[in-house]
Amino acid sequence: MAQKILLLFVSIILSLLSYAQINNTFDLIPAPAELKVNNNRVAIDQRFSISVNGNADKRIYAEASRFIRRLSSKTGIFLDNQHYVTPQDRNNISSTLLIKIHRPGKLKLGEDESYSIETGTNQIVVTSTTDLGAIHALETLLQLVSNDEKGYYFPGLSLHDSPRFAWRGLLLDVVLHFMPVDVVKRNLDGMAAMKMNVLHLHLSNDQGFRVESKIFPRLQQVASDGIYYTQKDIHDIIDYADQRGIRIVPEFVVPAHTTAILTAYPEFASIKRDYKLQRYFGVFDPVMDPTNEKLYPFLEKLFTEMSSLFPDKYFHIGGDENTGKDWESSPHIRSFMKEKGMKKYMDLQTYFNKRLLTIIRKTGKIMMGWDEIFQPGIPKEIVIQSWRGNEDYYKSIKLGYKAILSYGYYIDLIQPASYHYLNDPIPDSAKLTEKEKNLVLGGEATMWSELVTPATVDSRIWPRTAAIAERLWSSNETKDVDDMYRRLDIASLQLEAVGLRHESYKLPMMRQLTNGMDTKPLEVLVSVLEPLKIYERNEGDTMYTVFSPFTKIADVATPDQKVPRIFNKQVQEFLIQPSAELETNITEKLIVWKENDAAFKLLLRNSPVLIEARSLSENLSSLASAGLEAIQHLHDHNKVSADWLKEKLAVAIKAKQQGGRCEIQVVDAIQKLIQRAGENN
């Protein structure tokens, strides 16, 4: 009996150690499906080598070679023993890293992306059905690199992993603000690091048409401001993505959001007017004329050309945000609708979409669109991408349509990673059958570029999109928000290592804002700010144009900042269970914020651009001062007067006012400290 108890105790200890390894050492994101630790380890030294066994293609050799260079950069070790991984290394079965692949992977929906990693005494073995799984394994291994006093090593483990959803995407809008090829590429590297596999490029809108057309050259000559991807650029992006196991899905939005196309070819518009590229952002009335029979040969030629550039099977036609006003204002269109028995303008759009579907079929593609195209009579072969809410999302699934969720993943809305993380394509509350669940392809984070430029776009995508990547890859039972944030902070540094600039862009922009003066006071202020959320920054869609400067304090401030997140949690814990350590941590931050205003005002003498943030700095200082008083009253168990409480709450309310299109993110926490002090009255 005693022996059984001892064995049980040892088993529990080993389990706890295994749990500790997963949660406190390996820090993997996305979290793997299954992981067990062992006592092995493989040292990383100058003898490191890789061989690929099995039926592989050039993709894995290129990625394995890139892995060696990245590993060398990460560790500082001269890994010059093997310059490139080639098929000639196949017989080196004693290599440090042995990759076993059954067959080349195809970039298609539903391809096998699973992989296993086994750490032996002197060798790591990666096993995967396809090279796509092996590429994911290489990303996992880079996250697993560990070190101690003996040097760098790969820890001992047995890991088996596969994605929960087949479609794990990022929409990158390159129209409202154009994103050069290098920006697209570095975000592809970030996607690969987080095991995402679809880049959805939004390529046309009211502000421009961003792909060279050899058949309709006016699209780049008249409708792009001369800023577009050549067809060679598109091939370059696709090849780059292919090597990393990422599909490229193009979107050319019709019939609305087509001001650019109508600027080049106004004969296809519903109403005759002088069309010019739109300089503002938002929803506009210009729309194509579905009653014009000449429109369909034009679209067939255009979409045949565009679809030939993109090898993926899916082709996105947009279909969103048609106001219908130009249709309702056109006598010949109203007459057409009456003749066809159409009662509302969306009936006409469904007619248009059915005509379009015939064209898309001819190209061999599968048509997809935003959830506005989900209308009675639309064929079920179309994929619905949901962005407006869950009602139509679940309804489309129950009616047999394949669906992709973007509602809740709009990263341009400046919402916290925790919000996106807990937004599941198939939540426990969804009453879906297994057959219906199989219709959910996955999800996409969406990065619309109204308020970002190539300099700032990374900061709006990363690292929060890594949380979405985990939601789409890992088990739906992986929901620990605190642990997600712990790993996300680590992943953010790893994403910087692949070339993303979500952190590194800040200091140069702050030096510009301060005219070369000491940036520390600005850094302190910015660390507790976030831009206004849910498009409030661009009030009425009229505050900014495509030419506006996006180099101001709201552009340096980033979503879901670490400093206020930690401070707010410390205050929450302090109010539940006060401790000297928490009190000290909170007090130290409040002192810094209180005293920072004096230094910030010195910057204003040389930086007129920062004057819009004066009230933010003043309010933060006053708020911090009130917080310090509250902490002291709580520490001394003082009773406070009603006048004190009223005065300090007024400070907190004032601090909620925006400045420079930003908001202070620690107001609520400090207000709670004030209210708790007031409870002693």
What about Tyr401 and Phe374, are their ring centers closer than 6.0 Å?
-> yes
Verify, without hydrogens or angle tests, whether Arg59 (side chain) and Asp242 (backbone) share a donor-acceptor contact under 3.5 angstrom.
-> yes
Is the number of heavy atoms from other residues, nucleotides or ligands under 6.0 Å of Lys365 NZ greater than 12?
-> yes
Side-chain contact, heavy-atom cut-off 4.5 Å: His420 with Asn423?
-> no
Within a strict 4.5 Å, meaning less than it, do heavy atoms of the Thr96 and Ile50 side chains meet?
-> no
Do the non-hydrogen side-chain atoms of His136 and Asn197 ever get within less than 4.5 Å of each other?
-> no
Report yes or no: is the cationic atom of Arg388 (NZ for Lys, CZ for Arg) under 6.0 Å from the centre of the six-membered ring of Tyr407, at an angle within 45° of the ring normal?
-> no
Would you call Lys398 and Leu432 a side-chain contact if the rule is heavy atoms closer than 4.5 Å?
-> yes
Only one of Arg168, Lys106, Lys195 clears salt bridge (Lys or Arg N to Asp or Glu O under 4.0 Å) with Glu113; which?
-> Arg168
Do Phe303 and Phe315 have ring centroids that are under 6.0 Å from one another?
-> yes
Any side-chain heavy-atom pair from Arg90 and Asn53 closer than 4.5 angstrom?
-> yes
With a cut-off of under 6.0 Å to the ring centre and 45° to the axis, is Arg247 in cation-pi contact with Trp167?
-> yes
Leu199 vs Val249 side-chain heavy atoms within contact, under 4.5 Å | no
Using a cut-off of 6.0 Å, state whether more than 12 heavy atoms not belonging to Lys569 lie near its atom NZ.
-> no
Does the side chain of Gln385 come under 3.5 Å of the side chain of Ser406 through a donor N or O and an acceptor N or O?
-> yes
Decide if atom NZ of Lys533 counts as having more than 12 heavy atoms of other residues, nucleotides or ligands within a radius under 6.0 Å.
-> yes
Looking at Tyr421, does the NZ or CZ of Arg471 lie under 6.0 angstrom from its six-membered ring centre and within 45 degrees of the ring axis?
-> yes
Using the six-membered ring wherever Trp is involved, compare the ring planes of Tyr410 and Trp387 and label them parallel, tilted or perpendicular (cut-offs 30° and 60°).
-> parallel
Side-chain heavy atoms of Leu170 within contact of His200, under 4.5 Å = no
Do Asp131 and Ile99 touch side chain to side chain, with heavy atoms closer than 4.5 Å?
-> no
Main-chain N/O of Asn568 paired with Glu573 side-chain donor or acceptor, under 3.5 Å = no
Quick check: does any side chain N or O of Gln143 sit under 3.5 Å from a backbone N or O of Ile29, one acting as donor and the other as acceptor?
-> yes
Within 45 degrees of the axis of the six-membered ring of Phe67 and under 6.0 Å from its centre: does Arg69 put its NZ or CZ there?
-> no
